[in-house]
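Notes for the one structure printed next.
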Amino acid sequence: MPADRLHVSALRKSFGANVVLRELDFALAPGEIHALVGSNGAGKSTFSKILAGLLPRAAGGLKLDGRDYRPVDRRAAHAAGVVMVLQELSVLPTLSVAENLFLGDLPARFGGLLDIRRLHERARAALDRVGLGTLDPDTPASALGVGHQQLIEIAAGLAQECRVLILDEPTAALTGAETETLFALLRDLRARDVSILYISHRLDEIAGLADRVSVLRDGRLVATRPARTTSHQELVELMAGAAAAAITAARAPTPGEPVLRLRDISAGHVVRSVSLEVRSGEIVGLGGLVGAGRTELLRAIFGADPLDGGSILLDADAAPFHPTSTRAAVQRGLAFIPEDRKHHGLFGPLSVVVNASIARLPTRGLVVIDRGDEAAAADRVIAALQVRCAGPEQPIVELSGGNQQKVVIGRWLGREVRVWLLDEPTRGVDVSARRGIHALLRERAEAGAALLVASSDYDELAALCDRVIVLSRGVVAGEFTAATLNPAAFTTAAFREFATAPFPNN
Amino acid sequence: MPRLRHYSEFLFLALLLAALAGLFGVLSDHFWSVATLQTITNRIPALALAALGMTFVLIAGGIDLSVGSVSAVAGAVFGWCVADHNLSVGVAFGAALTAALGCGLLNGTLVNVLLMPSFIVTLGVLEAARGAAYLVTGSQTKYLGEKLGWLQDSVAGLGLSGAFLLAAGLTIGAQFVLTRTVLGRQMVAVGTNAEAARLVGISPSRIRAIVFALAGGLAGLAGLCHVARLGAADPNAGSGIELSAIAAAVIGGTSLMGGRGSMLATFIGVLIIATLEAGLAHLGVSEPMKRVATGIVIVGAVGAEAVRARLAARRMRLAA
Amino acid sequence: MPRLRHYSEFLFLALLLAALAGLFGVLSDHFWSVATLQTITNRIPALALAALGMTFVLIAGGIDLSVGSVSAVAGAVFGWCVADHNLSVGVAFGAALTAALGCGLLNGTLVNVLLMPSFIVTLGVLEAARGAAYLVTGSQTKYLGEKLGWLQDSVAGLGLSGAFLLAAGLTIGAQFVLTRTVLGRQMVAVGTNAEAARLVGISPSRIRAIVFALAGGLAGLAGLCHVARLGAADPNAGSGIELSAIAAAVIGGTSLMGGRGSMLATFIGVLIIATLEAGLAHLGVSEPMKRVATGIVIVGAVGAEAVRARLAARRMRLAA
Amino acid sequence: RSDSAVATSAAPAKPRVALVMKSLANEFFGTMAAGAKAHQRDHAAGYDLIVNGIKNETDLGEQVSLVEQMVAMRVDAIVIAPADSKALVPVLKRAAAAGIAIINIDNRLDPAALKDAGLAVPFVGPDNRAGAVAVGRIVAARLAPGDAVAIIEGIPTADNGRQRRLGFEDAIKEAKLKLVSTQSGQWEMERASTVASALLNAHADLKAIFCGNDNMALGAVAAIRAAGREGRVLVAGFDNIKAVQPLLASGAVIATADQHADRLAVFGIEVALVALKTKQTADRATPVDVVTR
Ligand SMILES: Nc1ncnc2c1ncn2[C@@H]1O[C@H](COP(=O)(O)OP(=O)(O)OP(=O)(O)O)[C@@H](O)[C@H]1O
Ligand SMILES: Nc1ncnc2c1ncn2[C@@H]1O[C@H](COP(=O)(O)OP(=O)(O)OP(=O)(O)O)[C@@H](O)[C@H]1O
Ligand SMILES: [Mg+2]
Ligand SMILES: [Mg+2]
């Protein structure tokens, strides 16, 4: 193997008292795809941010092509040829897609005049590469769903000339089709001698894509193995540090009475005439391509967006439940986990306790918060979902993405929830925690709740759900049971309404 | 850790106040006296009450520019009842507070129904309510004499006025509501991230309606304290008080972006502003220099706290 | 599609303006006249220039409460140079603009260095700059006569004053900067999400320094237009103009949260406010009713636009 | 501190007089304060002076605070230009109860309110109404009965503003002129200019504008110039500030009233000093002179 493209030795980083990286050694070869895995909070994002110049102050040695490499900011890293696609979405809704793609480097004439023609040309080329060739570069970014935003971020990263490309969970919001487009691109880059550091919790992707895989645990690199020959189970054990028992969620015996019945629901930009049923004890999956309308459907049921038509029936009620507000929905026993964690789920600067208790505050009398109970409830959430944090008083922004997600789910455990509406519940959650969450959801089902889970991860749908309903451009395009579900049929259904372009704008 | 941080912030504010008082004590002969203290405590209630309401609104992510005008409306209604229609003080008190509460509810309703930024809604209400105060009084100051004297008189033995005790008591109450009740927590949640709050079943509109109503009601009380102090209802009362109230809240560490604030700290902010005014008057500083000094103290107080917070964060990072 | 939405917003504003003008035309006899138009165009430049600067600052995610005081500083310096020291108009002009620019840079520097919210920094500078204006003029109005007449005189044949043409030209220039230059897009980016902008290599401090400097400079020009119009430099000039400027920007659709705004729309906002003032004065409405009407128009204009936008979004969704 | 205490108890103390003004940023009150300070410098042995003003003419609370502050400082006399005729009465009553001599200058305290409070305060100041009548007559002399005129008044809640308006109205009635509109310019040049522009547009036959102060007169002149009606609309002001001198010379403003601002506070202080010595007080009318070119 030739000399390392990137060489990291004894890298250390801590936030306050929280030591995140300890004596980390790592090497990235030229022209390889190197996967990096580890449980939530292991330090993957921190590590890659240091490489990309986003966290300049860290101790230890970094070498790029044999030379000392000390990027002071993202620009310096770009100049050295190191580009990163961030885990957190940072698409700016007030700018156009094209402007978002090249924000750091807008093409200009006469020293400051925006060269719109060149901007659009470059944008079209960049969008084309990620399979969004039909998207108008002038579209305001505010009109894009999370999946498309993720693709824009990837396109922006790929548009930079680079020798090292870092992708932090790029597929977390993507479905199978987009993922395949991305992988083809990455292989192509590898062929052109670009080194790729690929962070993901989807272990199944890794064998097919990466050359080597490294495992991070508690800020240390515990192993680097050839990707193709390392089994899923092996990786999980390396990540967890012990033989983790494979928890396969047991299927519920028989679902009970219907709890949630949808009749001809129309809502949002795409959802039309959707009818479905979820029974007590049942977990129903919602699959589909990016932009299929899963999020819009869930939000409409929860009263977060207006319902444009159709009716929702709860339990055995004859009268439809009209969700006039989320407050009414919560009081009626509904719970919702949003896909956009940062904007719709987190109270960033507030503590883990406050974030964990906000859906149900324990009180003495009617109005006074019982702080003891509140702390105890938060501790229970932290324990039940193995939330990694410096303490319950830590602001939740400082937690890693996966651990934030655990708190967002955990906050509902104190309530009697009849219907769980989960939008991408394990986005950015590590394998063992994902199993934990799946087990938790199964347990809720067994306790009699009805669960509707939108996920872009086929394996998650397959592993978790009793039934899977596929949406295609807002209509129901297929329904599978655990027994009949298979990737080919699933994909056919998902594409049904998108005869040509997957983007509705054109 | 956040607890501790809280106290050090508090201590810092108290030090700032002490430094200011000390400075004036050195510069002026009679500054340190019971009488000065009384002047300051007399000046405080109206601003403190307005600032409490402002802090509620700011914490919930809004802003209320109308507090000054609303306090004038309350005073005007009180004057109209008592001076023009010979109604009893109790009835007038009730009518005045109802009017102020109404203005607050109007603010909240407009913000909720039109989904407009509160800055602009309350700017509109600032104008309209001032007009209303002029209309109610016929643009004339109404002389009332000692009708609200009980608010102004010092309470047995303490040397502090009823209005001051009311303001101090309400500050403590407001702090309790903010930190210990479900409502307070929901205000913080809505101010931090209204959409996330909505998605856990909190109604941001309900919270907004409540904080604007509180701000209106407290502004009304502020107006009545003002009336008590002047012995007259003046339709121009309280103009510009909104900026002082915001300054007090921000000096006290309340975030203009919502989600963060403390009533006790706002109260210290009010004390700082009142001490500054009293001290400058004591020195008989010229008008231009008063303006310059006020500007410097506002920027300085908030700036010093910002620098302190950054240094503390840095120290913590380095210690780790 | 975004283009189209933009135009419909614009059209709506123009309709609002027309409706207001129509209303006054019906209510008052001589309202529709060349003279009224001239009054309005004379009134506009100062507010328009201040509002342009404000829009830049708002778009970049800040707010500038000091524009009124800064415009007074510029006027005061001009008056000091010309009336007290017999300097040439050119020198005085330069000195006045430099002073205003300096205030703007001070704002930007304080915001960047102390990392304080611009609301509070500019509130402090509002006080301090007003004090400075008093100091420079010795708290006296300086009579200047026609020294800046060329700004006020109507330009050959057009019947429009130089100041108006300057303001209109700068509006177009500012709109161009905002939408067609890299700097403008960076302002939008910083105003939308300063952290995300920083991560792609834009320096938010640089952008902030620029927008506050622009706001200061434009406020200075506004102050000079004011001086030209009144033929006198008044240290009390421009007080309260910051709220009118904010109202104009917001009526024009600028977001107080940053990231969104249009200079042309701000200009229409200024026209709406100027028409309202002229119309109310034309009718000879009493001061209280003026206040009430102003409040209603501010809330009404922004509210109507908010309702329109929501209806349009709904229609689009249903049509899709 | 201790030595000053000794000084106070030893020699018969110099009386301390507090001058409480409206906005010192207003040229008129600035001149008043400057006159008082000059007087004190010349009579430094006779008394000490503390001058304070408020930021905003409508912020009564601040002025009340100032009075309380002066009580706290145990001054011997307060000479006050009240920002409001009624609202200052209660606090002045408290000051009087603390044994401080009170002298009212510039803007007269409301007699009814004073009576209600059982307080007697000497008023030393000009008769604004009479001054306005005199100014008004000069303008009226150049007009014919039935001519259209307008008034731009100050803040309607301020008594001196009201007195001036009433004075103008008296003169207008006397000369049988037609008053077409009265609007407030809030004492400000800019607002007055906006109002004047609208008046000029709405009333093509307008012959004169009476302004409650000179700043507003400057605004009115600017509006007249912008409308191209120089020489055809007469303007009258009040206060005789420096900036109005060139306009008086050019005839753009034909008359204003001089209340001798520099001596106004001095008169008050003199009355206060007499009162401290003799415990005798009486109203004292100060001169108002009409100023024309
Ligand atoms: N700004 C910060 N301040 C304090 N602690 C932080 C900060 N950023 C990250 N951390 C901590 O560093 C640790 C590692 O976080 P990091 O985001 O690198 O994890 P990760 O491996 O990417 O996890 P995930 O899979 O959940 O994305 C976490 O414990 C987190 O709480
Ligand atoms: N404001 C808008 N204007 C136009 N189209 C919109 C707007 N908001 C959303 N859409 C479109 O509506 C479609 C439905 O989005 P939704 O988020 O419900 O899909 P999804 O299946 O959850 O996909 P994902 O979350 O992976 O993006 C998407 O194509 C999205 O781009
Ligand atoms: Mg991560
Ligand atoms: Mg979705």
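Here the structure is a predicted model, which means the values were calculated and not measured. A, B, ... follow the sequence lines: proteins, then strands. Residue 1 opens every chain.
Within the model, atoms CG of C:Asn42 and CZ of D:Arg225 stand 10.5 Å from one another, a figure rounded to the nearest 0.5 Å. Rounded to the nearest 0.5 angstrom, C:His282 NE2 and D:Thr194 OG1 are separated by 12.5 Å. In this structure, CH2 in C:Trp32 is found 15.5 Å from CG in D:Asn201, a value given to the nearest 0.5 Å. Atom CD of D:Glu27 sits about 8.0 Å away from atom NZ of C:Lys142, to the nearest 0.5 Å.
No part of D:Asp214 comes within reach of chain C, as not one of its non-hydrogen atoms sits under 4.5 angstrom from that chain. With a 4.5 angstrom heavy-atom cutoff, D:Ser184 touches chain C via backbone and side-chain atoms both. For chain D, the nearby part of C:Glu287 is the side chain; its heavy atoms alone come within less than 4.5 Å. Only the backbone of C:Ala278 comes within contact range of chain D, with heavy atoms under 4.5 Å apart.
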Show your working on side-chain contact (heavy atoms from CB on, under 4.5 Å) between C:Leu230 and D:Leu218 and close with a plain yes or no.
-> CA-CA 7 Å; C:Leu230 298 176; D:Leu218 283 167; over 6 Å; no
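A donor-acceptor pair shorter than 3.5 Å can be found between the side chains of D:Asn215 and C:Thr141.
Taking the charged nitrogens against the carboxylate oxygens, D:Glu190 and C:Arg229 do have a contact shorter than 4.0 Å, which makes a salt bridge.
Listed by chain and number, the residues in a ring pair (Phe, Tyr, Trp, His ring centres under 6.0 Å) with C:Phe93 are C:Trp150 (sequence neighbours excluded).
Contact residues of residues 238-245 of chain D toward chain C are D:Ile241, D:Lys242, D:Ala243 (heavy-atom distance under 4.5 Å).
Across every non-hydrogen atom of D:Val195 and C:Lys290, the tightest pair is CG2-NZ, 4.0 Å.
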